[in-house]
Amino acid sequence: MILTQELSSIVGEAFAAEGFDASYGAVRVSDRADLAQFQCNGALAAAKAAKANPRAVGEKIAARLNADIRFADVALAGPGFINLTLTDAALNDRANALAADERLGAWTAPVREKIIIDYGGPNIAKPLHVGHLRSAIIGQCLRDLLEFVGHDVKGDIHLGDWGLPMGQLITEIEADRPDLPYFKAEFTGPYPVESPITLEELERLYPKASAACKDNPERAKKARDATAELQKGRRGYRALWQHFVTISCAAIEREYADLGVKFDLWKGEADVDPLIAPMVEKLRAQGIAVEDQGAVVINVARESDKKEYPPLILYKSDGAVMYGTTDLATIIDRRDTAHPDRILYVVDGRQRDHFEQVFRAADFAGIFPKERLEHLWFGTMNGKDGRPFKTRAGGVLKLQQLISDVKGAAEVRVRDMLEPIEFRAFEQIAGNARSRSMSDDEAEDVLNKVAIGALKFADLSNPRTSDYVFDIDRFTSFEGKTGPYLHYASVRVRSVLKKAQAAGAGAPGSVRISAKEERDLVLTLLQFGEAVKDAVEKRLPHYLCEHAFNLAQAFSKFYAACRIVDEADGSLRASRQTLASATGRQLDLILDILGMPAPEKM
RNA sequence: GACUCCGUAGCUCAGCUGGAUAGAGCACCCGCCUUCUAAGCGGGCGGUCGCAGGUUCAAGUCCUGCCGGAGUCGCCA
């Protein structure tokens with residue numbers, strides 16, 4: 001059970017015994033660590049409701065709580081705050097329970113839900129770029145977090161594999177190589193198994209094709225016609241398109257893998273194409289979809305709206321579908337194939353209006369209830385200038401480039417750590433560095449984990465909905481509240497426990513708080529449950545990051561102040577090993593959920 | 001023009017349903033490796049919470065107005 005919940009229930013009983021609502025007993029970690037460990041502000045609200053004196057109410061509650069042996073101190077302060085401090089004995093008990101719990105005190109969802117989470121959206125024939133980064137990182141983290149607390153979660157990539165760009169590509173290739181069998185209407189045989197074009201050609205042709213269509217209306221019409229043919233199922237086009245998808249997906253999968261991101265479902269817009277016509281037909285028959293200015297739309301505006309919501313367009317006036325159409329059809333597909341309780345979308349905040357339209361339409365049409373569709377939007381990643389991240393030339397930075405930049409910076413850092421002898425005055429330090437010497441493979445592994453971890457933590461530690469400045473100089477400095485700080489703490493836990501075993505320090509044993517740093521570490525460990533609950537319920541991973549940082553910091557202080565391997569007192573040595581071990585396991589668990597597992601050594 | 005998000009320390013950002021002395025990290029200054037990884041630890045410096053009103057016993061937090069920034073607003077995604 002979450003510690004603050006347990007305390008809330010104790011204090012709530014005291015309120016109830018005095019004739020107040022038990023909900024006034026809400027306890028949280030104290031804002032004033034110098035005064036107490038926990039606080040309850042309920043006396044103020046209770047007094048207001050009862051038109052009583054807040055201090056008088058607080059006195060009554062405090063008097064009841066004082067009788068509880070679990071509290072070392074219950075004090076009334078200020079206008080009516082109830083300050084609570086637990087005894088070390090009570091903390092020891094809870095620390096031992098946490099250390100014995102394989103989930104290290106984590107929270108579990110009370111109801112298991114089936115959830116689909118959509119955090120991809122890459123397009124065929126286009127390499128991933130920075131715009132895909134936040135969605136991938138946040139989405140993967142939420143996916144794993146939701147699964148961790150007990151939900152049945154499937155991540156869906158939702159490929160952009162349909163529509164006009166495909167027609168543009170097909171016609172581009174046709175102009176370039178008309179001899180290919182895909183373009184011969186009379187061709188009846190099997191098409192080649194091998195793709196006629198490589199990934200590189202595909203990525204080169206895509207921008208060329210879209211630029212050509214922009215400049216030349218005739219060229220654009222060809223692309224539209226080809227798109228229509230493709231959608232009608234023309235064999236050659238379908239076969240060619242299948243090649244695009246196959247080679248593109250292989251590349252996309254590899255790029256996501258570099259980030260530790262993966263998907264359970266590889267569905268795309270093309271998969272729901274067959275559902276669109278029957279869907280629209282039905283909606284029209286029901287009178288939900290109507291014709292308007294030559295287009296077929298669903299009106300989603302409401303009387304109470306402050307802002308104007310334009311209708312969701314299902315068919316444009318030229319008969320083509322839009323992404324709102326495929327989004328709606330995708331909900332139907334998901335509903336009928338996976339039967340989810342809830343569908344989550346991890347997509348840029350600039351699409352808030354769009355999702356509001358789609359969700360209203362889905363709800364209005366009886367397809368899926370709006371309150372079970374969530375747009376978990378995120379802010380933009382900006383450059384140092386405060387504007388959306390661009391390369392120096394003003395272009396879009398490819399994800400691969402970004403990753404290799406970060407790795408490059410990490411490499412410099414790792415080399416400094418491995419070859420610091422001339423900079424270090426003490427032989428002992430040099431010895432430490434040498435003892436850490438690792439093989440090339442190990443160094444590569446460290447490099448990857450540290451670099452990707454730094455990138456991910458920089459993103460996840462911001463609240464999802466905030467824009468943030470991606471300053472490569474800043475976060476490759478790797479100091480302070482960064483991924484490497486967490487990795488470093490994890491590595492030190494591992495290392496010290498290993499050394500303790502090697503030195504014959506004995507087995508870990510019961511936790512016995514003997515110093516402030518130990519008490520603070522225990523209190524931090526016990527906040528994990530709440531951090532998980534907050535992160536899950538608000539779908540905000542930064543609560544988890546915040547906790548991970550607090551934990552790493554509490555451990556670093558403990559580590560600096562308390563000896564472990566060579567502590568003379570055997571029971572303290574055992575206690576501290578348990579504390580270190582629980583810290584290490586809780587930290588590693590969080591790092592796994594954040595998608596940034598720590599290296600073995602650094 | 002309408003609507004949304006934002007404005008907190010020199011920089012990058014937290015701040016939960018209003019509550020005590022507004023917190024981190026970086027940068028800067030001082031100290032700490034003959035002892036478990038110094039990517040660390042301790043200490044210091046630094047804020048009229050954009051501005052002006054209002055509600056409240058209590059406002060960074062709620063309401064109104066203004067200033068400044070970003071974004072969205074029917075056939076792109």
What nucleotide, of B:rU37, B:rG25, B:rC76, holds the atom closest to the side chain of A:K481? B:rG25
Whole-Å distance separating the CZ atom of A:R576 from the C1' atom of B:rU35: 14 Å
Which one, B:rA39, B:rC3, B:rC41, comes nearest to the side chain of A:K306? B:rC3
Please give the distance between the C1' atoms of B:rU37 and B:rG46 as a whole number of Å. 32 Å
A:H354 or A:T465, whichever maps to the more 5' nucleotide of RNA chain B: A:T465
Among B:rG25, B:rA20, B:rA77, the one nearest A:A77 by side-chain distance: B:rA20
Please work out if A:E308 contacts a base, only the sugar-phosphate, or nothing of the nucleic acid, heavy-atom cut-off 4.0 Å. nothing
Within the sub-3.5 Å range, which N or O atoms of nucleotides 58-61 of chain B have a protein N or O partner, and how far apart are they?
unit_1: B:rA58; atom_1: N6; unit_2: A:K48; atom_2: NZ; d: 3.2

Proximal nucleotide (of B:rG25, B:rC76, B:rG40) relative to the A:Y485 side chain: B:rG40
Are A:Y206 and A:F244 an aromatic pair by the rule of ring centers under 6.0 Å? no
With respect to the side chain of A:D31, which nucleotide from B:rG74, B:rA77, B:rA20 is positioned closest? B:rA20
Of A:H542 and A:Q39, the one whose closest nucleotide on RNA chain B sits nearer the 5' end is A:H542
Side chain of A:P484: nearest nucleotide among B:rC16, B:rC41, B:rA39? B:rA39
Without decimals, in angstroms, what is the distance between A:I564 CD1 and B:rG40 P? 18 Å
Considering every strand and a 4.0 Å limit on heavy-atom distances, what is the contact class for A:S466: base, sugar-phosphate, or nothing? sugar-phosphate
Taken to the nearest whole Å, CG/A:N382 to P/B:rG69 is 16 Å
Check every strand shown and say whether A:V491 touches a base, only sugar-phosphate, or nothing at a heavy-atom separation below 4.0 Å. base
Nearest-nucleotide pick for A:Q553, side chain only, options being B:rG40, B:rC16, B:rC41: B:rC41
Suppose we call two aromatic rings close when their centres sit under 6.0 Å apart. Are A:H375 and A:F359 close by that rule? no
Answer yes when A:D305 and A:R360 have at least one side-chain N-carboxylate O distance shorter than 4.0 Å, and no when they do not. yes
Return the nearest nucleotide to the side chain of A:K538; candidates are B:rC36, B:rU4, B:rC16. B:rC16
Which of B:rC3, B:rA39, B:rG74 is nearest the side chain of A:K307? It is B:rC3
What's A:G78 touching, base or sugar-phosphate or nothing? Going by heavy atoms closer than 4.0 Å. nothing
From the list B:rU17, B:rA38, B:rG74, which nucleotide is the closest neighbour of the side chain of A:Q293? B:rG74
Hey, is A:R563 close enough to A:D566 for a salt bridge, meaning N to O under 4.0 Å? yes
For a quick check of understanding: with a heavy-atom distance under 4.0 Å over all strands, which category does A:L35 fall into, base, sugar-phosphate or nothing? base
Under 6.0 Å between ring centres, would you say that holds for A:H354 and A:Y323? yes
Do we see A:F81 stacking on the base of B:rA20, given a limit of 5.5 Å between centres and 30° between planes? yes
Over how many whole Å does the gap from A:D34 atom CG to B:rA22 atom P extend? 12 Å
A:F20 vs A:Y24 aromatic rings, parallel, tilted or perpendicular, using cut-offs 30° and 60°? perpendicular
Which whole-number value in Å describes the distance from A:H487 NE2 to B:rA38 C1'? 19 Å
A:V57 and A:A52: which non-hydrogen atoms are nearest, and at how many Å? CG2-CB, 4.0 Å
If the C1' atom of B:rG7 is compared with that of B:rC11, how far apart are they to the nearest Å? 15 Å
Judged by whether its glycosidic angle lies within 90° of 0, B:rC33 is syn
Salt bridge or not for A:R284 and A:E291, using N-O below 4.0 Å? yes
Which whole number of Å gives the distance between the P atom of B:rU55 and that of B:rC63? 15 Å
With a non-hydrogen cut-off below 4.0 angstrom, is A:R492 in contact with a base, only sugar-phosphate, or nothing? sugar-phosphate
